[in-house]
Amino acid sequence: MADNKKISVAVIKRLPRYYRYLGDLLNVGIVRISSKELSEKMNITASQIRQDLNNFGGFGQRGYGYNVEFLYNEIKKILGIGKEYKMIVVGAGNIGQALVNYTDFESNGFKIVGIFDVNPRLIGMTIRGIEVYDADKMEAFIKNNEIDIAILTIPKTQAKATAKKLVECGIKGIWNFSPMDLELPKSIAVENVHLTDGLMTLIYKTNAVLDK
Ligand code: NAI
């Protein structure tokens, strides 16, 4: 694998989707697949698939296609899945609680170990067995428990200051649900989730269909 090669963000963003499809194929006992078949399933061109996977040295064999399990495991390694990552949720409101209640993260090694909020009515309650702590305790908790990732589900007005604190405590990545673009050091990975962006894209597509 080309470890040192810089892989574009566009390719990295497609890898989880390959991983998911390959996992589904593995689950139904499919051993190998051609780029053409994979392209039909995933609605990506076969040449795009070959180009993407060539970034990591290919993994395909002419006339055979791809070995599903091998490719699945390679993508897993590339993404860094399979290890345990400790996460905290900051903001135990609607979105924070929904994320804590989603059990599938754990099957990929993403473990939520702490939840933080400022609201006294929420502090002390448990969500799926995990206690909601006072946000004042967050910094010490991160340091003592070597937390990798913070999920930020707090109001926009709080996002910047909280993200700054998280960075100072040594957080490596922030999954940001608050509608605020965070300016953080390059050493901190940030992934913003804006559901409304998806909805607006859907509206555009819906109108485009209606205009036809
Ligand atoms: P919510 O009001 O139900 O929950 C926010 C929680 O954050 C509250 O429990 C509040 O006490 C807590 N909080 C406030 N300041 C805090 C701080 N400094 N430290 C720790 N906790 C703090 O809000 P909801 O519906 O869960 O939304 C959360 C955020 O996500 C909002 O910023 C909202 O605008 C945004 N949002 C994002 C979406 C997306 O697509 N990413 C979709 C919908 C909402």
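Sequence positions, counted from 1, serve as the residue numbers for this chain. As the structure lists them, so they are numbered: ligands from 1, and atoms in each ligand from 1.
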Please list every donor-acceptor pair under 3.5 Å in which a side-chain atom of residues 144-155 meets a protein atom from a residue at least two apart or in another chain.
residue, atom, partner, partner atom, Å
Asn144, ND2, Ala140, O, 3.3
Asn145, ND2, Phe141, O, 2.9
Asp148, OD1, Lys172, NZ, 2.7
Asp148, OD2, Lys86, N, 2.8
Thr153, OG1, Val90, O, 3.1
Thr153, OG1, Gly91, O, 2.7

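- Proximity to Asn119 (heavy-atom distance under 4.0 Å) selects the following atoms of ligand 1: 11 (O).
- Considering Thr162, Val90, Leu199, Asp117 only, the shortest heavy-atom separation from atom 12 (C) of ligand 1 involves Asp117.
- Under the side chain to side chain contact (heavy atoms under 4.5 Å, CB included) rule, Val68 has a single partner from Asp24, Leu38, Ile30, which is Ile30.
- Residue contacts with ligand 1, taken as heavy atom pairs separated by less than 4.0 Å, involve Gln158 solely via side-chain atoms from C-beta onward.
- Looking at Thr162, its side chain never comes within 3.5 Å of a backbone N or O of Ala159 through a donor-acceptor pair.
- Put simply, the side chain of Val100 reaches to within 4.5 Å of the side chain of Ile130, judged on heavy atoms.
- Residues Thr126 and Val132 form no side-chain contact, since every pair of their non-hydrogen atoms from C-beta on lies 4.5 Å or further apart.
- Residue, atom and distance of the protein heavy atom nearest to atom 40 (O) of ligand 1 are Leu195 N, 2.4 Å.
- In this structure, atom 4 (O) of ligand 1 lies nearest to the protein heavy atom Gly93 CA, 3.2 Å.
- Residues Gln97 and Leu122 meet the side-chain proximity criterion, which asks for heavy atoms closer than 4.5 Å.
- Using cut-offs of 30° and 60° for the angle between ring planes, the Tyr72 and Tyr19 rings count as parallel.
- Close approach of ligand 1 to Val193 (heavy-atom distance below 4.0 Å) involves ligand atoms 39 (C), 40 (O), 41 (N).
- Looking at Leu122 next to ligand 1, no N or O pair under 3.5 Å apart turns up.
- Under a 4.0 Å criterion applied to the non-hydrogen atoms of Lys156, ligand 1 contributes the atoms 32 (O).
- Taking a distance limit of 4.0 Å, we find that atom 18 (N) of ligand 1 is approached by some protein heavy atom.
- Checked by atom type and distance alone, the side chain of Asn67 never pairs as donor or acceptor with a backbone atom of Arg32 at under 3.5 Å.
- Looking at atom 5 (C) of ligand 1, its nearest protein heavy atom turns out to be Thr153 O, 3.6 Å.
- Considering backbone and side-chain N/O atoms, Ile154 comes within less than 3.5 Å of an N/O atom of ligand 1.
- Counting heavy atoms from C-beta outward, Arg14 and Ile49 have side chains that stay 4.5 Å or more apart.
- Here the two rings, on Phe110 and Trp175, have centers that are 6.0 Å apart or farther.
- Using a 4.0 Å cut-off to heavy atoms of Pro155, the atoms of ligand 1 that qualify are 7 (O), 13 (N), 14 (C), 15 (N), 32 (O).
- Between Ala135 and ligand 1, no N or O atom pair is found at a separation short of 3.5 Å.
- At least one N or O atom of Asn94, backbone or side chain, sits closer than 3.5 Å to an N or O atom of ligand 1.
- Considering both main-chain and side-chain atoms, Ile95 comes within under 3.5 Å of ligand 1 through a nitrogen or oxygen pair.
- Aromatic ring centroids of Phe105 and Tyr102 lie under 6.0 Å apart.
- At the top of the distance list for atom 33 (C) of ligand 1, counting protein heavy atoms only, stands Pro179 CD, 4.0 Å.
- Among Phe116, Phe177, Trp175, the residue whose heavy atom lies closest to atom 37 (C) of ligand 1 is Phe177.
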